[in-house]
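First up is the structure itself, then whatever we jot down about it.
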Amino acid sequence: MSSSSLLHLRRGLSSALRPLSLQRFSTSRPHVLENKEEKVSLGRGPSFVHPSAVVHPGAVLGQGVSIGPFCTVGSSVKLGNACQLHPGSHICGNTELGDHCILMNGAVVGDDLPGRTVIGCNNVIGYHSVVGIKCQDMKYKLGDECFLEIGNNNEIREHTSIHRSSKPSDKTVIGDSNLIMGCCHIAHDCKLGNNNIFANNTLLAGHVVVEDYAHTAGGTVVHQFCHIGSFSFIGGGSVVSQDVPKCMMVSGERAEIRGLNLEGLRRCGFTHAEIRSLRIAYRKIFMSTDTNFGGIEHRLAQVEQYEELASMPAVRLMVQSIRDSLAEERRGICKFQSRSGSLMCNTEKEAM
């Protein structure tokens, strides 16, 4: 190819990209497309679709949607008002975005599989994240419906992967106001609550349940079917193979209970009286000086016998969280150090 031809090609590409500016992604100024705009089902207000974007005629766009260069929008997609698709992002399959969602460069949302991906309002999907695709469970049967539901106000950072469920009777669920930092993985059938923080490279295996206001440090790995209780903290680089009860702090290559998540409790507004009661209950359960040490069920019952502790809702919830984890179908709680310094297991449950 001659130098004059290369120069002509370069000028053509530059002129195609020139109409797009960063302001386009923060406004809803109208942009009229020849032929293409007539084929897209737009909302009541004006939207901007870059000429190089590929938008299927069956897609439904809300008011003020901005679709950047080299994006693709599939036939069954529904975009809410003021959604922004940055250059090179893609959305396909039976996928719905609520109002004011943003897909950063290279993000991929949805998959051409039976089932559905539903994402609420005010969510940000980071650079090159992959959300709502087929799970990595060998039990998944091709052709089965699979589902993902994400709430509102979540920030999902770069290179994160979130998978749909492994079977039609279940779904992967993420609640509201979660921060999922870069390179995290949320596997099939996980259930995440609200206001959680997952630091970089947190990996959740299938069927993990995370309640509310939990916090993982970087490089955390959680075994399948584990439960992470509300207001808990997991130290960096931990491998969690059993449940983390409410309000606890765990860490370690095989995570052990290290104490209460005191700083997290304070930040979440727990009162001095609540924290004091939780500390007393924790000592009675995990640091008992009673010569008749007894099993953990015995110690839980002792805590419930103290009226001062039993009357405190935070203590009751923590005790119930531990008791729930001891059920036959659950994995038990993480190991803990006794007052004597020996490592204790809960009942007969051992980490697998």
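This structure is a prediction, so every number in the text was calculated from the model and none was measured.
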Extract all donor-acceptor atom pairs below 3.5 Å that involve side chains of residues 198-210 and protein atoms in other chains or at least two apart in sequence.
from   : atom 1 : to     : atom 2 : distance (Å)
Thr202 : OG1    : Ala199 : O      : 2.8
Thr202 : OG1    : Thr216 : OG1    : 2.8

Point to revise | Atom OH of Tyr127 with >12 non-hydrogen neighbours under 6.0 angstrom | key: no

Review point. Of the non-hydrogen atoms in Gly110 and Thr117, which two are nearest, and what is the gap between them?
Key: CA-OG1, 4.3 Å

**Study point:** Closest non-hydrogen atom pair, Arg164 against Cys135
**Key:** O-CB, 3.5 Å

Point to revise | Asp176 and Asn153: side chain donor to acceptor below 3.5 Å | key: no

Practice item. Indicate the ring-plane relationship of Tyr282 and Phe286, choosing parallel, tilted or perpendicular according to the 30° and 60° boundaries. Key: tilted

What pairs of donor and acceptor atoms, side-chain ones from residues 270-278 against any protein atom, are under 3.5 angstrom apart with sequence neighbours left out?
from   : atom 1 : to     : atom 2 : distance (Å)
Thr271 : OG1    : Glu274 : N      : 3.1
Thr271 : OG1    : Glu274 : OE1    : 3.4
Glu274 : OE1    : Thr271 : N      : 2.9
Arg276 : NH1    : Glu308 : OE2    : 2.9
Ser277 : OG     : Ala273 : O      : 3.1

Review point. Is the CZ atom of Phe233 crowded by more than 12 outside heavy atoms at less than 6.0 Å?
Key: yes

Review point. Which residues pass the side-chain hydrogen bond (donor to acceptor under 3.5 Å, both in side chains) test with Arg116, sequence neighbours left out?
Key: Glu96

Review point. Shortest non-hydrogen contact from Ser321 to Lys246?
Key: OG-N, 3.1 Å

Review point. Is the backbone N or O of Gln63 less than 3.5 Å from a side-chain atom of Ser47, with the two atoms forming a donor-acceptor pair by type?
Key: no

Revision key, fill the gap. Value for OG (Ser165) from CD (Glu149), rounded to nearest 0.5 Å, stands at 9.5 Å

Exercise for review: Before giving the answer on side chain to side chain contact (heavy atoms under 4.5 Å, CB included), spell out for Leu61 and Val49 the whole-Å C-alpha distance, their side-chain angles and the decisive distance to 0.1 Å.
Suggested key: CA-CA 10 Å; Leu61 311 185; Val49 181; 4.2 Å; yes

Revision key, fill the gap. Correct closest heavy-atom pair for Val315 and Ala281 would be CG1-CB, 3.9 Å

**Study point:** Donor-acceptor contact present, side-chain Asp144 to main-chain Lys167, <3.5 Å
**Key:** no

Check your understanding: Under the criterion side chain to side chain donor-acceptor pair (under 3.5 Å), which of Arg331, His223, Arg330 is the partner of Asp243?
Key -> Arg330

Check your understanding: With no hydrogens and no angle check, is any side-chain donor or acceptor of Asp189 less than 3.5 Å from a backbone partner on Thr172?
Key -> no

Review point. Would a distance-only check, ignoring hydrogens and angles, find a side-chain to backbone donor-acceptor pair under 3.5 Å from Lys78 to Gly62?
Key: no

Review point. When rounded to the nearest 0.5 angstrom, what distance separates OG in Ser89 from CG in Leu85?
Key: 4.0 Å

Exercise for review: In sequence, state the C-alpha distance, the side-chain angles, and the governing distance for Ser52 and Phe70, and then conclude on side chain to side chain contact (heavy atoms under 4.5 Å, CB included).
Suggested key: CA-CA 5 Å; Ser52 65; Phe70 313 115; 3.8 Å; yes

**Study point:** NZ/Lys134: more than 12 non-hydrogen atoms of other groups inside 6.0 Å
**Key:** no

Exercise for review: Please answer: with hydrophobic residues joined when any side-chain heavy atoms are less than 4.5 Å apart, are Val250 and Ile285 in the same cluster?
Suggested key: yes

Point to revise | CD1 on Ile119 to CG on Leu103, rounded to 0.5 Å | key: 7.0 Å

Point to revise | Closest contact, heavy atoms only, Ser238 versus Ala255 | key: CB-CB, 4.4 Å

Check your understanding: Do the side chains of Val240 and Met181 join up, straight or via other hydrophobic residues, at under 4.5 Å, putting them in one cluster?
Key -> no

Review point. Going by the salt bridge (charged side-chain N to carboxylate O under 4.0 Å, His left out) test, which pairs reach into residues 316-326, not counting sequence neighbours?
Key: Glu297-Arg323, Glu304-Arg323

Review point. So, are Arg258 and Glu256 salt-bridged, with charged N and O less than 4.0 Å apart?
Key: yes

Practice item. Flag yes if Val221 and Val244 sit in one hydrophobic cluster, no otherwise; membership is Ile, Leu, Val, Met, Phe, Trp, Tyr, and two members link when side-chain heavy atoms are under 4.5 Å apart. Key: no

**Study point:** Short side-chain to backbone donor-acceptor contact, Asn178 and Gly193, under 3.5 Å
**Key:** yes

Check your understanding: Quick one: does Asp212's side chain have a donor or acceptor within less than 3.5 Å of a partner on Asn194's backbone?
Key -> yes

**Study point:** SG on Cys146 to CG on Asp170, rounded to 0.5 Å
**Key:** 11.5 Å

Practice item. Give, for atom SG of Cys183 and atom CZ of Arg157, the distance between the pair rounded to the nearest 0.5 Å. Key: 10.5 Å

Check your understanding: Any donor-acceptor pair under 3.5 Å linking the side chain of Asp99 with the backbone of Asn81?
Key -> yes

Check your understanding: Backbone N or O of Asp111 within a donor-acceptor pair of the Thr95 side chain at under 3.5 Å?
Key -> no

**Study point:** Residue pairs involving residues 90-126 (criterion ring-ring contact (aromatic ring centres under 6.0 Å, His included); sequence neighbours excluded)
**Key:** none

Point to revise | Joint hydrophobic cluster, Leu262 plus Ile322, side-chain heavy atoms closer than 4.5 Å | key: yes

Review point. According to the ring-ring contact (aromatic ring centres under 6.0 Å, His included) rule, which pairs have a member within residues 147-177, sequence neighbours left out?
Key: His128-His159, His163-His185

Exercise for review: Check for a donor-acceptor pair, side chain of Asn261 on one end and backbone N or O of Phe231 on the other, with a separation under 3.5 Å.
Suggested key: yes

Point to revise | Main-chain N/O of Cys121 paired with Asn152 side-chain donor or acceptor, under 3.5 Å | key: yes

Revision key, fill the gap. Smallest heavy-atom separation, Ile174 atom then Asn154 atom, equals CG2-OD1, 4.1 Å

